[in-house]
Structures are given as structure tokens and as C-alpha cells.
Amino acid sequence: MPVARPESSDSRVIAHVDMDCFYVQVEQRRQPDLRGQPTAVVQYNAWKGGGLIAVGYEARKFGVKRSMRGDEAKSVCPEIQLVTVPVARGKADLSIYRNAGSEVVAILSRKGRCERASIDEVYLDLTEAAEKMLSETPPESVEAINDEVIKSHVLGLSAEPSDVRQTVREWLCQRNADRRDKLLACGAFIVAELRMQVLKETQFTCSAGIAHNKMLAKLASGMNKPAQQTVVPFASVESLLDPLPIRKMKQLGGKLGHSLQDDLGVNTVGDLLQFSEEKLQDRYGINTGTWLWNIARGINGDEVESRVLPKSHGTGKTFPGRNCLKTIDGIERWLSKFSEELAERLEADLEQNKRIAQTLTLHASASKANEAQSQKKFPSKSCPLRYGTNKILEDALNLFQAGLREYLSSSSKAHGNGCSGWGITNLSISASKIVDIPSGTCSIMKYFHSQDQRYPSSKEFDDKEIHESTALSPSVGSESSSRKHLLEPETECSKDGTKMNIVMNIVMQAHLDDKSRMFEEKTQTSFCRESLPSSTSAKKNEPQLDSVGEETVIKDAISGNRSQDQKGKAFKEKQGTSSILQFFQTQNCSSSIQEPKEETVNAIQETAESSCSGKADDTVPLESGGIRNMHHSADQSRVACMYKIDEIDPNVVDELPREIQEEVRAWLRPQKRANNTTKRGSSITHYFSPNKNM
DNA sequence: ACGGTTGGTACT
DNA sequence: TAGTACCAA
């Protein structure tokens with residue numbers, strides 16, 4: 001539901017830039033012969049010529065629509081050039097378009113705050129740039145006025161077609177105008193400039209809207225396409241909105257818009273004006289009601305977020321109709337492809353942007369077969385994300401398994417055979433909760449990248465570490481404040497500390513992952529990686545190296561980071577909480593893990609075995625978390641819990657891989673130690689001791 | 001139960 | 001919170 005936000009200012013200069021039939025342009029740049037020809041981009045042209053996902057303007061003249069199939073487009077426009085989206089790993093791969101979008105963003109972000117709203121759209125807050133221009137080089141002083149600016153459309157300007165250009169010129173340069181209009185005029189200059197830069201540097205055209213808020217800018221960008229820009233002066237807002245069909249407004253193209261029409265008889269934005277704020281709040285809730293009341297008046301306080309990178313990465317596919325997936329094997333085959341792609345994109349993000357994702361989520365849709373399930377939804381499941389194709393696959397399979405059990409749980413009998421009662425029509429995985437890695441983390445990055453490669457030959461195993469056991473220092477801070485600290489960073493300081501926590505968390509998890517694998521080898525005990533009856537390819541016995549060139553990645557990480565290890569070291573924690581707070585998010589810790597003093601090797605081993613014995617038997621909830629289970633088990637029978645660690649004991653650092661010890665110490669150093677910190681001869685394994693505060 | 005894929009936000 | 005629902009393009 002939309003939410004009302006207060007306007008920070010009613011004189012902001014906001015632009016919305018929208019690439020014209022973007023995918024088509026990308027293809028036309030790749031293949032210049034296509035320029036000027038009616039063109040459309042399709043994916044999967046096997047069935048009825050594929051589905052159109054972008055249509056060029058030449059083709060639109062023939063009536064080609066985005067909702068058509070390729071064959072249909074051919075019949076309407078025999079000359080049409082259909083370009084197929086690249087396919088990788090059996091599915092459409094949009095990366096070339098994503099990357100092209102990044103090229104554009106890099107240019108558009110030069111003049112002000114920039115929000116990447118989608119693969120081909122951005123919002124810009126040009127308020128400061130416009131104010132600066134107004135004070136330094138106001139339009140009226142500009143000598144040679146750019147043609148691109150003159151071609152702007154200014155809503156509400158009445159002029160004979162013959163002298164539109166002159167009228168626009170006068171409006172843009174009027175000396176004694178409303179300040180707000182002058183600012184928009186400056187915005188028009190700046191945007192025209194940016195659009196020309198985009199064209200020059202990428203060969204792409206785009207359209208834009210310039211207005212006082214995001215909603216109006218978005219509305220305007222679509223009014224004159226392609227390759228044009230539209231300005232919405234304050235004075236013409238009312239006449240713009242009044243006759244506008246309600247569904248044209250962003251957020252009102254779906255159910256809410258229909259409800260407005262069906263329940264309130266609102267057909268245009270103007271119709272909304274007759275309803276009091278209270279009435280709207282009454283019907284749609286306080287937030288949405290206020291939001292509606294505001295947008296009817298052209299008021300919209302949404303800020304342009306400063307964000308040029310996506311908040312999540314996802315990949316998936318639909319399996320419509322008979323193509324639905326009915327076996328675990330089929331699921332696994334596809335999850336394997338998805339995992340590859342996701343791992344690749346995550347690696348790229350790590351390399352290019354120094355970011356790591358924390359959560360892996362699996363989404364699926366299932367169709368009936370058995371009527372009881374027909375309306376039930378397949379639940380989404382998520383777990384902490386571990387880097388590396390195979391880990392992602394393993395976790396995703398577990399998530400699927402957990403979801404499937406839940407989906408099937410209410411229904412009758414297990415259809416034990418291969419053709420059980422379910423069919424997956426849509427399957428996807430995504431990585432989210434992406435955070436920046438603090439600067440100065442060269443060795444950490446390296447360690448991170450190398451995770452998958454290290455495994456088979458790791459030599460760090462050392463029982464001594466495992467045996468020296470003592471209790472975990474009791475928590476000092478309140479849990480809620482700690483949690484809040486981790487999850488809702490509020491200040492720069494705390495944010496930096498939070499990043500540190502997260503990185504530490506992940507490094508330690510990965511480290512422990514290694515250790516548990518070594519237990520596995522040493523004790524000849526196999527862990528139950530998955531309780532899948534039939535799944536075989538997330539194999540515990542053949543740790544695969546991820547094939548994608550990680551060595552180069554490492555090198556890049558090293559060289560790339562050297563330049564920037566100065567900043568960010570000065571990180572402080574706010575308010576008393578001087579320790580690094582550690583949270584280990586797990587899926588499966590019910591109250592009792594082994595006694596802290598217990599010999600950990602055995603305890604872990606036992607856990608592993610019990611975990612195995614519970615195989616394929618959801619009636620036996622795992623009570624204690626083996627280390628492996630702790631981070632990744634998505635077994636449905638286990639409940640989520642979080643290990644809370646309030647303090648990193650300095651001794652722990654000694655147990656981390658040597659290559660990152662230095663760096664971690666550098667982090668810890670500026671920390672003020674909590675006075676009640678209990679110093680102990682500790683082991684990293686302490687952090688997996690039970691925490692009664694949970 | 002199909003335009004398909006990818007992403008965002010808000011609510012609970 | 002994790003999970004859901006809705007929205008957009």
C-alpha cells in the first residue's frame with residue numbers, strides 16, 4: 001500500500017528519466033542494421049514466436065503491442081525484426097540490459113541524487129543543481145539555447161502550433177516568473193543536457209519529465225515519447241490531474257485503483273477531490289487514505305533515494321501449464337542453474353561494489369493436482385546466504401524441501417512415488433539484504449572469495465582449539481537494543497559498526513563451515529546435508545570448486561582495495577555498546593545445545609549423527625544444532641532462532657584464518673572494551689554455545 | 001493456469 | 001522477522 005510522506009519542500013526539482021523501448025535500443029546498438037527498422041525483442045521464440053517484451057517505435061506504427069506473441073507481431077507487421085533475448089542456462093538472461101542500464105545511470109547520476117527505479121528508469125533530485133544554475137547562470141542570461149531544451153513540452157502553455165518553440169523559449173527564460181517555474185526551467189536545461197550526454201555516450205535516447213515531485217515527474221516522462229521531455233509547472237498540475245483516468249497514476253493501476261472505481265465511483269483523479277481525507281482514511285486506512293488525498297492534489301513527498309545499485313538479485317523461471325516441475329530432480333536441475341547465475345551475479349557485485357548479500361530466499365508457485373491444494377499457496381522460505389554456487393544450491397534445495405512439506409502438510413497422504421501430487425509452475429531464488437563491506441577489508445574479501453576453493457585442502461584444523469572450552473560471556477547489553485543496533489542502523493557510526501558485525505558474522509560462519517566439514521572428514525561421519533529422499537547432486541563428498549575464475553577475482557579484490565584502505569577505520573559505536581555484536585541467525589536452535597563445557601567435538605559429532613538419523617522423518621525435530629545445521633538447515637521441523645553474541649572475545653581472532661587476523665584486529669582496536677567483559681581462554685566454538693537469553 | 005523476469009514497498 | 005501481497009515495467 002502506498003504511504004503518505006511529508007513534503008520536504010514544495011520547490012524541489014525532480015526528474016524522471018525513462019529509456020525509450022530500452023531493450024530494443026540495446027539490440028539496435030548491438031546490431032546497427034536494425035536501426036530504423038521495425039523491431040521488437042522477444043524471449044523464448046519457440047512457442048508462437050515468443051513473447052514480446054519490448055517494441056520499437058517503428059513497429060508500434062503497425063500496431064504491434066507488447067502483449068503480442070512473435071507470430072502475431074509478424075502477421076501485423078511482416079517486416080518486423082524479432083530479436084531474441086539471450087539465453088543462458090536454459091533461461092532468459094537479461095544481464096546485457098542490466099549492464100546497459102548501468103551505463104545510463106552512471107551518466108545520469110552526475111548532476112544530483114539519483115535513484116535507479118528499474119532497469120530503464122531513474123529519478124533525479126536536481127533541486128540543488130537547479131538552484132545553483134538559477135543563481136549563477138539563469139536561463140534568461142543564456143545566449144545560445146540548446147535545441148533540446150527548446151523542444152521541451154511545457155504543460156499548460158497555450159500557443160499556436162506555429163510558434164510553439166518561441167513560446168517555450170519565452171517560458172523557459174522569463175525574467176519575472178514564479179521562482180518555482182524558474183527552478184523547473186533550470187531543471188529542463190539540466191535534463192536536456194543529461195539526455196544529450198546519454199545519447200552521445202551510449203547511443204540511447206530517453207524521455208523525461210521535470211516537475212516538483214516524483215509522481216508528477218513520472219507522469220510527465222510518459223507524455224511525450226520518444227526522445228522528448230515534458231515540464232509540469234505548478235500552475236498546470238490541477239488541469240493535468242483533473243481529467244486523468246485514475247489508473248494512470250502510479251500505484252493505482254491495480255487493485256486499489258479498481259476499488260476506487262468500483263467502490264467509490266472514482267474514474268479520474270479529479271473525482272477523488274470530493275472525498276474528505278477522513279473518508280478516504282476510513283476506507284483505505286490512515287496511510288493510504290492520506291496518500292490518496294494528497295495525490296489528488298498533486299502532492300507527493302516521496303524522496304528521491306540515493307541508490308544506483310539494486311537491493312536484491314533474483315533469478316527464476318515460470319513453468320506454465322504442462323511444463324510444471326513435478327520431481328525433485330527437475331527442481332534440482334533448475335535450482336542448479338539459478339544458483340550458478342545468482343552466484344555469478346553475487347560475485348560480480350562483490351567485486352564491483354564491495355557488497356555482500358545476507359539472505360537467500362526461495363519463491364515458488366504450485367498448482368493443484370489434488371483439489372485441496374489448488375488454492376493453497378506455496379510458502380516462500382529464506383535462510384542466511386552462503387557464497388558459492390554449490391552452497392546456494394544446497395540451501396535452496398533445503399528451502400524448497402521445507403516449503404514443499406509445508407505446502408503438502410495439510411493435505412492427505414504422501415504420494416510417495418515420483419509423480420506426487422504437486423507441480424511447480426514458478427520457481428525462483430533471490431539474494432537480498434545486501435550491505436556494503438567497510439573499506440579496508442582486503443584480506444577479508446580475499447578470504448571470502450576463496451571459500452569454495454579452500455575446502456578440500458584446508459589445513460587449519462586443530463583440535464586444540466576445539467577442546468579449550470569455557471562458557472560464553474554473558475550478554476551485557478539488552479537484547480532488544482542489540483538487535484535494533486544490528487538491524488536498524490541509524491547513525492553513520494552505528495552503521496559502520498553494523499557492517500562490521502555483518503562481515504564478521506559471515507566470515508566466522510564461513511570459517512566454522514570449514515571446520516565442520518573437517519569434522520566430517522576426520523570422523524568419517526557424514527552430515528545430513530539434506531533430507532531429500534531423492535536428491536543427490538549437492539554432494540557432500542565431492543566438494544566442487546566453483547568454476548568461475550575466482551583467482552582473478554581475488555587479484556582484483558586485492559589491487560582494487562589497496563587504494564581505499566584509509567577511510568572507514570575510525571568507526572565508533574554509539575551509546576555504551578562498545579562491543580561488536582554478533583548475531584548468528586540460524587534456523588534450528590531450540591533451547592538446548594550441548595553444555596558449554598562439554599567437549600565440543602563429541603557434541604558436534606553427536607549432533608551430526610542425530611541429524612542424520614532424523615533423515616526423511618519430520619516427526620523428529622532436531623533439538624540441537626550441529627554447526628552445519630546452524631547456518632543453513634532450512635528444515636521445516638526446525639524453528640528459527642538467533643545466537644546472540646555480545647562480545648567478540650579478542651582471543652577469537654587468533655582462531656580465525658591467519659590471513660585475516662590482522663585486519664580483524666584493526667577493526668577491534670578502536671573499540672572501547674566493555675568494562676564487564678569477561679576475558680576467557682576461549683574458542684571460536686564458544687559462540688555456538690547455548691544462550692539462555694534467547 | 002502463462003506475456004515472463006526482475007525488482008520494489010508495505011503490512012503483519 | 002520472515003513471509004505475504006501488491007505493484008510496475
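Chain A is the first sequence line, chain B the second, and so forth, proteins listed ahead of strands; every chain is numbered from 1.
- Taking atom P in both dG3(C) and dG3(B), the straight-line distance is 28 Å, to the nearest Å.
- Checking E406(A), H363(A), Q401(A) one by one against K381(A), the side-chain hydrogen bond (donor to acceptor under 3.5 Å, both in side chains) holds for a single residue, E406(A).
- Summarising the geometry, the separation between CZ on R247(A) and C1' on dA9(C) is reported as 17 Å, rounded to the nearest angstrom.
- When the side-chain nitrogen and oxygen atoms of T425(A) are compared with OP1 and OP2 of dA1(B), none of them lie within a distance under 4.0 Å.
- The shortest distance between the side-chain N/O atoms of R307(A) and the OP1/OP2 oxygens of dG7(B) is not below 4.0 Å.
- Here the P atom of nucleotide dT5(B) and the CZ atom of R345(A) are 13 Å apart, to the nearest Å.
- For the pair E303(A)/K214(A), no side-chain contact is recorded, criterion being any heavy-atom separation below 4.5 Å from C-beta on.
- Taking Y284(A) as the reference, nothing meets the ring-ring contact (aromatic ring centres under 6.0 Å, His included) condition, with sequence neighbours excluded.
- Between K218(A) and dA8(C) there is no side-chain polar atom (N or O) within less than 4.0 angstrom of OP1 or OP2.
- A donor-acceptor contact shorter than 3.5 Å links the side chain of R60(A) to the backbone of V55(A).
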Identify each atom pair where a protein N or O and an N or O of nucleotides 2-4 of chain B are less than 3.5 Å apart, giving names and distance.
unit_1 : atom_1 : unit_2 : atom_2 : d
dG4(B) : O4'    : Q43(A) : NE2    : 2.9

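- Atom CG of D302(A) sits about 8.5 Å away from atom CD of E115(A), to the nearest 0.5 Å.
- Look at S382(A) and you'll find a side-chain N or O under 4.0 angstrom from OP1 or OP2 of dG3(C).
- For S380(A), taking side-chain heavy atoms from C-beta onward, the closest of the listed nucleotides dA1(B), dG7(B), dG3(C) is dG3(C).
- Positionally, the nearest nucleotide of DNA chain B for R322(A) lies more toward the 5' end than for the other of E341(A) and R322(A).
- A cation-pi arrangement, defined by a distance under 6.0 Å to the six-membered ring centre and an angle within 45 degrees of its axis, is absent between K61(A) and Y57(A).
- DNA chain C is contacted by G253(A), G254(A), K255(A), L256(A) of residues 253-263 of chain A, taking any non-hydrogen atom closer than 4.0 Å.
- Looking at the side chain of P379(A), the nearest of the listed nucleotides dT6(B), dC11(B), dT4(C) is dT4(C).
- Judged by the 6.0 Å distance and 45° axis criteria, K91(A) is not positioned over the aromatic ring of Y44(A).
- In terms of phosphate contacts, S312(A) brings a side-chain nitrogen or oxygen within less than 4.0 Å of OP1 or OP2 of dG8(B).
- Using a 4.0 Å cut-off, some side-chain N or O of R98(A) falls inside it from OP1 or OP2 of dG7(B).
- Taking the P atoms as reference points, dA1(B) lies 14 Å from dA5(C), given to the whole Å.
- Heavy-atom distances to DNA chain B give each of E305(A) and K91(A) a nearest nucleotide, and the one nearer the 5′ end belongs to K91(A).
- Listed by chain and residue number, H16(A), S118(A), K218(A) satisfy the side-chain hydrogen bond (donor to acceptor under 3.5 Å, both in side chains) test with E121(A) (two or more places apart in sequence, or in another chain).
- Among residue pairs with one or both ends in residues 84-104 of chain A, those qualifying as ring pair (Phe, Tyr, Trp, His ring centres under 6.0 Å) are Y23(A)-Y97(A); sequence neighbours excluded.
- N287(A) comes within 4.0 angstrom of the backbone, heavy atoms only, and of no base.
- With sequence neighbours left out, the side-chain hydrogen bond (donor to acceptor under 3.5 Å, both in side chains) criterion links T361(A) to no other residue.
- Picking from dA10(B), dG7(B), dG3(C) the nucleotide with the shortest atom distance to the side chain of K381(A) gives dG3(C).
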